[in-house]
2 protein chains.
Amino acid sequence: MSLEKKIVQIRSFNRFYTDVLGLVNNNLLDSEYSLAEARILYEIFTARTVSASDIISKLSMDKGYLSRILKKFERSGLIIRKASKEDARVYLLSLTDQGKSVFDTLNHASYQQISRLVSNMAEQQLDELVKYMHEITRLLQKANKHITGSH
Amino acid sequence: MSLEKKIVQIRSFNRFYTDVLGLVNNNLLDSEYSLAEARILYEIFTARTVSASDIISKLSMDKGYLSRILKKFERSGLIIRKASKEDARVYLLSLTDQGKSVFDTLNHASYQQISRLVSNMAEQQLDELVKYMHEITRLLQKANKHITGSH
DNA sequence: AATTTTAGTTGACAAAGTCAACTTTATTAA
DNA sequence: TTAATAAAGTTGACTTTGTCAACTAAAATT
């Protein structure tokens, strides 16, 4: 297969997977949280404690936009912000119990969503799917070290 | 591996690939056309002649939103709309020469973008990447016949 | 010590997307 | 065959999402 055709194939996959992600994410959006908000909660949850600028570089988002979302999260009691001791410009973010609870709900909904997506697959097919996803991640990450790693 | 872990793996891939698509699409957005607009031009180009409702079901987008984009395309000379003979409610869309030219430009930019993404890969690795993408598409489409097929 | 950079906030704005009401034509069912 | 219903597309009003630049305060650099 020519390089041209391979690239056409990759673009075809990208369109397909955009649809898959759209499907998966839209059902998440039935909650009162946007995709960006869910992703931010995920980052704070997994890191356990991060600064806004960590999130900005991880998710490549606008700092003004993030600042407002974090303010909303704080007002509604999902996160607390603690001034860093090492750097007075920095606030360290962490989830409150309520924040963890909201995260759990979103996390579970997202889990169920994927669960449904693969519910018709035999075990072996699912294994293959996971393997291929892992391989794609590995190949693209190896060739593009700059792509945000480690999920 | 447990089912739970497999689903966690899939979600991890989804986050990763969201980043990949974000990267790829953002550079497209340096043009004066949005992702949605580019995708619409693509649909009209490949189908050669479609109705608005075809695009709506293919891309699952709001018909009001699409209507406005199409109006803009018509005003700026990218498409023409011809009343259908079979159904007077329907307008058939097709690209003008200028529309094809804009499409070509976007298409080429998108091609280059993917080209860069895989530029560091050896031929064999690229072959594997394409193969895995194809397999993922096949597996997911087989298990979810309703996912918008055929790209 | 002066300059530059970084973290975060805020205001103003633009782009993207949603929703419902409406018109016109087609389809379905009584 | 007409009455009700549905589908295609348009439009207005609106919300959400995201961007940009100016700003303050603290840290890093020269």
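Below, read A as the first sequence line, B as the second, and so on, with proteins coming before strands; counting in each chain starts at 1.
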>> Closest approach to the side chain of B:Asp62, judged atom by atom: which nucleotide of C:dT18, C:dT9, D:dA8 is it?
In response: C:dT18
> Out of curiosity, A:Leu126 CG to B:Ile7 CD1, how far, rounded to the nearest 0.5 Å?
Replying inline: 7.0 Å
> Roughly, in whole Å, what's the span from CD1 in A:Ile56 to C1' in D:dG18?
Replying inline: 14 Å
> Strictly under 6.0 Å, is that where the ring centroids of B:Phe13 and A:Tyr17 end up?
Replying inline: yes
>> Side chain of B:Ala36 only, heavy atoms from C-beta on: which candidate in C:dG17, D:dA8, D:dG18 is closest?
In response: C:dG17
> Can B:Glu123 and A:Lys6 be counted as an ion pair, charged N to O under 4.0 angstrom?
Replying inline: yes
> Want to settle it: does A:Leu66 or B:Glu86 sit nearer the 5' end of DNA chain C, counting the closest nucleotide to each?
Replying inline: A:Leu66
>> Regarding B:Asp87, tell me which of base, sugar-phosphate or nothing describes its non-hydrogen contacts under 4.0 Å with the strands shown.
In response: sugar-phosphate
>> Please tell me if B:Arg81 has a side-chain N or O lying less than 4.0 Å from either OP1 or OP2 of D:dT10.
In response: yes
> Between B:Lys71 and D:dT11, is there a side-chain N or O to OP1/OP2 distance below 4.0 Å?
Replying inline: yes
> Whole-Å distance between C:dT10 P and A:Lys72 NZ?
Replying inline: 16 Å
> Do B:Arg89 and D:dA7 have a side chain to base donor-acceptor pair shorter than 3.5 Å?
Replying inline: yes
> What integer distance in Å separates B:Lys63:NZ from D:dA7:P?
Replying inline: 10 Å
> So, is A:Ser53 near the phosphate of C:dG8, with a side-chain N or O under 4.0 Å from OP1 or OP2?
Replying inline: yes
>> In whole Å, I'd like the distance from the OH atom of A:Tyr33 to the C1' atom of D:dT17.
In response: 17 Å
> When rounded to the nearest 0.5 angstrom, what is the spacing between CG in B:Leu95 and CG in B:Asp104?
Replying inline: 9.5 Å
> Roughly, in whole Å, what's the span from CD in B:Glu74 to C1' in D:dT10?
Replying inline: 13 Å
> A:Ile69 has an atom CD1; how far is it from atom P of C:dG8, in whole Å?
Replying inline: 15 Å
> Is a side-chain N or O of B:Thr18 found less than 3.5 angstrom from the main chain of B:Asn14, in a donor-acceptor match?
Replying inline: yes
> Between the base of C:dG8 and the side chain of A:Arg68, is there a donor-acceptor distance below 3.5 Å?
Replying inline: no
